[in-house]
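Everything below concerns the one structure shown next.
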Amino acid sequence: MSTQTPQRLLVTGGAGFIGANFVHYWLARHRGGRLVVLDALTYAGNRASLAALEALPEFRFVHGDIRDTDRVERLLREEDIDTIVHFAAESHVDRSIAGPDAFIDTNVLGTHSLLKAARAAWLEDRAAPAHRFHHVSTDEVYGSLGPDDPPFRETTPYAPNSPYAASKAASDHLVRAYHHTYGLATTISNCSNNYGPYQFPEKLIPLCLINLLDGKPLPIYGDGQNVRDWLHVEDHCRGIELILEGGQPGRTYNIGGGAERTNLEVVHALCAIMDERRPAGAPHARRIEFVRDRPGHDRRYAIDETRLRRELGYAPSRTFEDGLQQTVDWYLAHEDWWRPILSGEYRDWVGRHYGTARTASP
Ligand code: NAD
Ligand code: TYD
């Protein structure tokens with residue numbers, strides 16, 4: 001059975017970047033139901049991202065781990081959850097190269113634990129309630145494209161290249177299997193690179209923006225010609241909302257931003273905005289430094305989102321240029337959100353993994 005009207009949501013990883021944006025997006029449009037966030041608060045989780053919502057009667061924050069199957073099953077029953085939106089993951093490719101184990105633990109075993117809890121709560125009683133398990137995945141499962149290859153479709157064979165992408169691919173397969181074998185009403189979305197408010201400053205855009213504010217170099221891996229399709233996080237949330245409301249169980253949907261850019265183009269666009277916002281530092285692009293490339297660095301990702309457009313009416317609502325300006329302005333206005341992050345675990349990790357050897361010739 002499936003539900004077309006999600007009422008009582010469990011959002012895993014809701015204190016992370018996309019999860020927090022989704023919780024804000026959802027509660028601004030759907031009142032009177034229930035939304036429970038389950039988050040382990042790893043280095044990437046930040047409860048401060050949800051502070052403005054804590055007083056809402058619909059909202060509850062649970063500090064817990066998706067790998068704790070019994071706890072999740074109890075939570076599903078206790079809160080009478082009808083919809084799981086599963087964001088919780090280890091999400092940074094560079095960290096997966098430095099230490100893949102956490103990616104297998106959280107992304108593969110964690111997703112399986114969640115699937116087991118959902119199956120127990122929703123399918124093992126006689127009258128299975130209407131339900132939906134939505135799994136948030138990535139375009140990185142499809143591998144890397146050449147410059148003239150057509151964009152990824154939902155039918156593109158999986159060819160993950162990094163430990164992160166492989167762990168997400170494995171979790172996608174488990175979700176698919178739980179639909180096929182047990183009849184769990186699942187959907188999967190594979191989206192491109194997100195950007196927007198509340199993104200942890202280890203990812204390209206917030207990292208470069210904060211480095212500019214702190215007068216530090218902008219590290220560009222390799223020759224800077226790797227291409228990503230940039231999706232504003234609010235458009236991603238809209239795509240997920242459409243899938244929750246009208247997506248077909250067992251189906252996969254790609255979500256893209258229609259904005260393919262090289263990394264160098266992205267960083268130059270960021271510098272141009274900063275030249276306007278902070279003219280004293282212009283030209284900010286002088287801070288660009290080419291550094292040692294990421295091992296196995298995928299060259300190009302691009303998304304064909306025809307299925308989501310045709311079947312569910314999706315369209316990204318903003319251009320990359322508008323979205324980037326809005327994102328820069330958000331970070332400029334919310335130093336109180338990102339500054340504390342820099343003094344903690346993140347800075348230590350960067351020191352351990354990059355040290356001073358980060359700068360090199362392209
Ligand atoms: P993030 O790293 O910012 O946040 C992950 C969240 O999951 C954190 O709040 C963390 O505390 C929580 N978490 C980690 N392990 C957990 C566990 N065992 N139990 C409960 N909570 C746990 O990630 P994000 O960028 O918001 O990505 C969200 C999802 O979207 C991920 O599944 C990721 O693979 C996918 N995705 C992200 C992007 C992107 O550009 N950021 C692109 C495509 C897909
Ligand atoms: P990232 O934000 O880590 O996302 P992903 O690896 O999931 O695509 O990186 C986006 C692109 O930017 C990717 O091609 C790697 C590149 N990159 C840099 O050139 N320098 C950096 O410091 C970082 C973090 C990323």
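Remember, it's 1-based here, ligands and their atoms both numbered in the order they're listed. Numbering of residues begins at 1 and proceeds along the displayed sequence. These numbers come from the heavy atoms of this one structure, side chains and all, not from hydrogens, waters or symmetry mates.
Among Ala89, Ser189, Gly13, the residue whose heavy atom lies closest to atom 5 (C) of ligand 1 is Ala89. The closest heavy-atom contact to atom 9 (O) of ligand 2, among the options Lys203, Glu140, Gln225, Arg294, comes from Arg294.
Shortest contact from atom 34 (O) of ligand 1 to any protein heavy atom: Tyr164 OH, 2.6 Å.
Residue-to-ligand polar distances place Asp65 within reach of ligand 1: an N/O pair is separated by less than 3.5 Å. By the 3.5 Å distance cut-off applied to N or O atoms, Ala88 is not counted among the residues near ligand 1. Where the criterion is an N or O separation shorter than 3.5 Å, residue side chain and backbone included, Tyr301 fails it with respect to ligand 2. Every N/O-N/O distance between Cys191 and ligand 1 stays at or above 3.5 Å. For ligand 2, the polar-atom distance check against Pro219 finds a nitrogen or oxygen pair separated by under 3.5 Å. Residue-to-ligand polar distances place Asp39 within reach of ligand 1: an N/O pair is separated by less than 3.5 Å. In terms of polar-atom proximity, Lys168 is counted as a contact of ligand 1, with an N or O under 3.5 Å from an N or O of the ligand.
Note on ring orientation: taking the six-membered ring where Trp is involved, the planes of Phe152 and Tyr301 are tilted (angle from 30° to 60°).
Within the 4.0 Å heavy-atom shell around ligand 1 one finds Thr106. The closest approach between any non-hydrogen atom of Ser192 and ligand 1 is below 4.0 Å.
Looking at Thr138 against ligand 2, nothing comes within 4.0 Å, counting heavy atoms. Contact annotation: for Ile18 versus ligand 1, heavy atoms closer than 4.0 Å belong to both the backbone and the side chain. At a heavy-atom cutoff of 4.0 Å, ligand 2 is contacted by the side chain of Asn263 but not by its backbone. Only backbone heavy atoms of Glu202 (N, CA, C or O) come within less than 4.0 Å of ligand 2; its side chain stays farther off. Contacts between Asp139 and ligand 1, counted as non-hydrogen atom pairs separated by less than 4.0 Å, are absent for every part of the residue.
Less than 6.0 angstrom separates the ring centroid of Tyr198 from the ring centroid of His24. Checked against a 6.0 Å centroid threshold, the rings of His112 and Tyr178 count as neighbours.
In Arg153, the CZ atom is not crowded: 12 or fewer heavy atoms of neighbouring residues, nucleotides or ligands sit closer than 6.0 Å.
Using a distance-only test at 3.5 Å, with no hydrogens or angles considered, a donor-acceptor pair links the side chain of Asn190 to the main chain of Thr138.
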